[in-house]
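All chains are named by letter (A, B, ...) in the order of the sequence lines, taking the proteins before the strands, and each is independently numbered beginning at 1.
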There are 2 protein chains.
Amino acid sequence: MMTVSKIIGARRETLAGEVRSEIERWILAGELEPGQKLNEVALANVMGVSRGTVREAIRSLADSGLIVLVANRGAFVHQLTVDDICNLYDLRGAIFAMGCAAVARRMAGEWDEALIAALQKNLEDMRKAYDRDDRPAYYDLNIAFHDMILAGAQNPKAKGVYDGLVKEMHLFRRRGLSVSPNIAQSINEHANIVAAIAAGDSGAARRAATHHVESGLDRFLKTLSDGSTAEEHPKSDIARSN
Amino acid sequence: MMTVSKIIGARRETLAGEVRSEIERWILAGELEPGQKLNEVALANVMGVSRGTVREAIRSLADSGLIVLVANRGAFVHQLTVDDICNLYDLRGAIFAMGCAAVARRMAGEWDEALIAALQKNLEDMRKAYDRDDRPAYYDLNIAFHDMILAGAQNPKAKGVYDGLVKEMHLFRRRGLSVSPNIAQSINEHANIVAAIAAGDSGAARRAATHHVESGLDRFLKTLSDGSTAEEHPKSDIARSN
DNA sequence: TAAATGTTAAATGTTGACAAAATGAGGCAA
DNA sequence: TTGCCTCATTTTGTCAACATTTAACATTTA
């Protein structure tokens, strides 16, 4: 019987933890589609572990929001509605703004040259990516930018929630919906945030971040209303059972 | 063998869910102290269920932050450091501010007379409680105020995270630390928030909320530095294993 | 005496089996 | 045909037993 392929660099903590990571990867990679039902025995067989272990992994993922549980019916990959996405966007933005404020506040206390340098390098790399119209590079740099801020805020709990939200938002994919961000504007907004942080002005950092988040949501909603055709979004979280 | 006493009003969904609620209640009530180890067999015996069920409940609570898991060693009630509390305070405040902004935004769209009336009644009740120096009533009203805002924001995910944070913050209790809020100031800040919401000004609501949260944290830290004696706070999350 | 090592008891990690609930197919009557 | 009921099958919920790891104690040795 095939055993779960060697997990990357992670020394084994518990089997259930490995199974959890594996299922999470499948979900985020889209191999398990939103709305799809997770069959405990099937997963147990595929991964070569017992059902109880799979069960434990599924429960854990449910608490993180990637999976929805229904008593006596089972587990389903969370299917996000447009409303859900907007809510997640709001929440993620609020945490990001808090992170920016926290970094700025910390910077006002003791200067962290390394972080500022890293943020400015990120800005510079982004401008280069913009010049050569390199979208993939921009995406990665954008994620790195937000990660650096959250890590710099030195608030592990907030970073944990934030990362969870980012994962959950990955669940939302609409056929043919290509988000084309306004890279130039985004870079300017990032620059404003970095400036406020470097100035140690937490209020300004929060405002700049809030503005960045709001304009991002506006662009997203615009793309959505442009791209979405007659096809309506599902009202139920567990519409499709396979 | 004694079975778990009838859960209050909760119709039974799953046994593990009941066990989870029961353990959570014990933790929040302080019957299980921060740092204390949770023994699976002992809990299973006390509650009259199998160890696997207790295990499932514990894992679920761990994901919510009330419990810390250590592989092959077990589960411990999360013991918060002062830093943890500050981080939770920041995060909770950010979500609250977002909630205020969301409510105001919604109010600008379609007027919700019932919510405004409820908020103003809460303010009025708070003033009365202040006049007769009724602290317990103030506490309840304060919690109700924040709950109403979060519920009014119509962002279930945010409300879920917020409620989780509130529970987690309950874990922090210091011997002889009596938080004496500035009720008068707090009421004024609440009034500002309500006014911004009623005006449908999401930016003003966010600012008022942020200000409220920050001054609340300041008061808390002040109380902390006044009340804390030589006794130092634990650096490790799982210092005491019992 | 104190550090290191071997041994034992207890707790957690994992599994397979049984019980209860939900789904779906088939038959029967209107 | 349509609607409803019954029953078999599938799937989840719960439990008890086995395997592995950890922690504490006893023993040995420098």
Given atom [atom1] of [X] and atom [atom2] of [N], what is their separation to the nearest angstrom?
{"X": "Met47(A)", "N": "dT14(C)", "atom1": "CE", "atom2": "C1'", "answer": "15 Å"}
{"X": "Arg20(A)", "N": "dG13(C)", "atom1": "CZ", "atom2": "C1'", "answer": "18 Å"}
{"X": "Asn45(A)", "N": "dT14(C)", "atom1": "CG", "atom2": "C1'", "answer": "16 Å"}

- Could I get the full list of side chain to side chain contact (heavy atoms under 4.5 Å, CB included) partners for Tyr139(A), not counting sequence neighbours? Arg135(A), Val179(A), Pro181(A)
Per-pair distances, 0.1 Å, donor-acceptor, side chain in residues 147-154 of chain A, under 3.5 Å, sequence neighbours excluded:
none

- If you look only at pairs with a residue in residues 58-69 of chain B, which of them pass as a salt bridge (Lys or Arg N to Asp or Glu O under 4.0 Å), with sequence neighbours excluded? Glu56(A)-Arg59(B)
- Item | Stem regions touching DNA chain D, defined by at least 3 consecutive Watson-Crick or wobble G-U pairs below 3.5 angstrom | C:1-30 with D:1-30
Can you list, pair by pair, the side-chain donor-acceptor contacts under 3.5 Å of residues 160-167 of chain A, counting residues two or more places apart and other chains?
from: Asp163(A); atom 1: OD1; to: Lys159(A); atom 2: NZ; distance (Å): 3.3
from: Asp163(A); atom 1: OD2; to: Lys159(A); atom 2: NZ; distance (Å): 3.2
from: Lys167(A); atom 1: NZ; to: Glu24(A); atom 2: OE2; distance (Å): 3.0

- Show the numbers, then the answer: is there a salt bridge (charged side-chain N to carboxylate O under 4.0 Å, His left out) between Arg25(A) and Glu31(A)? CA-CA 9 Å; Arg25(A) 215 167 297 136; Glu31(A) 298 176 38; over 6 Å; no
- Query: Among all residues two or more places apart in sequence or in another chain, which pass the salt bridge (Lys or Arg N to Asp or Glu O under 4.0 Å) test with Glu40(B)?
  - Reply: Arg51(B), Arg55(B)
- Check whether any side-chain N or O of Thr53(B) sits under 4.0 Å from OP1 or OP2 of dC15(D), and answer yes or no. yes
- Who are the side chain to side chain donor-acceptor pair (under 3.5 Å) partners of Asn122(A), not counting sequence neighbours? none
- Task: Write out all pairs satisfying side-chain hydrogen bond (donor to acceptor under 3.5 Å, both in side chains) with one or both partners inside residues 97-107 of chain A, taking only residues at least two apart or from two chains.
- Result: Arg105(A)-Asp90(B)
Pairs: protein N or O with nucleotides 9-12 of chain C N or O, under 3.5 Å:
from: dA11(C); atom 1: O5'; to: Asn39(B); atom 2: ND2; distance (Å): 3.3
from: dA11(C); atom 1: O3'; to: Lys37(B); atom 2: NZ; distance (Å): 3.3
from: dT12(C); atom 1: OP1; to: Lys37(B); atom 2: NZ; distance (Å): 2.9
from: dT12(C); atom 1: OP1; to: Leu38(B); atom 2: O; distance (Å): 3.4
from: dT12(C); atom 1: OP2; to: Glu40(B); atom 2: N; distance (Å): 3.4

